[in-house]
Amino acid sequence: MGDVFRALADETRRAILDELAERDKQTLFEICSRLAMNHGLGSTRQAVSQHLDVLEEAGLIHSERRGRYKFHTLDTAPLAQIAERWPPKDAP
């Protein structure tokens, strides 16, 4: 679970997850474009690729290669584990 917290600690990685939550199965190029347009982040493709590696190691995304393209998909299962460990209290 430590990998999940480390992955979520970075603003760029959270923005990547936001973009994948909005539209799944994106390529590196698509993610870079959306980060620039929607978040004003001008990260290089290499930097975004490294962020994707961290997210994949934490189990928050999965990658699938099709031909020469690699598609990235959000996986919220690790987040559910966090919610199970510390469930939200009912509002008064």
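On a predicted model such as this, the values are computed, not experimentally measured, just so you know. Residue numbers start at 1 and run along the sequence shown.
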About how many Å separate [atom2] of [Y] and [atom1] of [X], when rounded to the nearest 0.5 Å?
X	Y	atom1	atom2	result
Gln81	Thr76	CD	OG1	10.5 Å
Cys32	Glu19	SG	CD	11.5 Å
Gln26	Leu35	CD	CG	8.5 Å

Worked check of side-chain contact (heavy atoms from CB on, under 4.5 Å) between Glu30 and Arg23: CA-CA 10 Å; Glu30 291 171 313; Arg23 191 171 69 78; 3.3 Å; yes

In sequence, state the C-alpha distance, the side-chain angles, and the governing distance for Val54 and Asp3, and then conclude on side-chain contact (heavy atoms from CB on, under 4.5 Å). CA-CA 8 Å; Val54 172; Asp3 287 346; over 6 Å; no

Have Glu56 and Ser63 got a donor and an acceptor in their side chains that come within less than 3.5 Å?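 Yes, because at least one side-chain N or O of Glu56 sits under 3.5 Å from a partner of the opposite role on Ser63.
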
Residue pair [X] / [Y]: nearest heavy atoms and the distance that separates them:
X	Y	result
Pro88	Ala83	CD-O, 4.4 Å
Thr12	Ser43	CG2-OG, 4.3 Å
Gly67	Arg65	O-CG, 3.5 Å
Asp75	Pro78	O-CD, 3.5 Å
Ala58	Ala7	CB-CB, 3.9 Å

Thr27 and His72: CA distance, side-chain angles, deciding distance, side-chain contact (heavy atoms from CB on, under 4.5 Å) verdict: CA-CA 6 Å; Thr27 64; His72 305 279; 5.7 Å; no

Quick one: do Phe5 and Leu79 end up in the same hydrophobic cluster if we chain Ile, Leu, Val, Met, Phe, Trp and Tyr together by side-chain heavy atoms under 4.5 Å apart?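 As far as the 4.5 Å side-chain criterion goes, Leu79 and Phe5 are connected within one cluster.
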
Shared ILVMFWY cluster between Met37 and Val48, side chains joined below 4.5 angstrom?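 No, separate clusters.
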
Is the NZ or CZ atom of Arg66 both under 6.0 Å from the centre of the six-membered ring of Phe71 and within 45° of that ring's axis?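 Ring-cation test returns yes.
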
Quick test of your reading of the model: are Glu22 and Arg34 salt-bridged, counting only N-O distances below 4.0 Å?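 Between Arg34 and Glu22 there is a salt bridge, with a charged N closer than 4.0 Å to a carboxylate O.
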
Charged N-O contact under 4.0 Å between Glu11 and Arg13: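 Answer for the salt bridge query: no.
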
In the structure I gave you, are the side-chain heavy atoms of Leu52 and Leu28 within less than 4.5 Å of one another anywhere?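 The answer is yes, as the side chains (C-beta and beyond) meet within the 4.5 Å cut-off.
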
Is the backbone N or O of Arg45 less than 3.5 Å from a side-chain atom of Ser49, with the two atoms forming a donor-acceptor pair by type?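 Absent.
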
Partner of Ile16 under side-chain contact (heavy atoms from CB on, under 4.5 Å), chosen from Ile31, Ile61, Leu60, Leu74: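 With Ile16 as partner, side-chain contact (heavy atoms from CB on, under 4.5 Å) holds for just one option, Ile31.
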
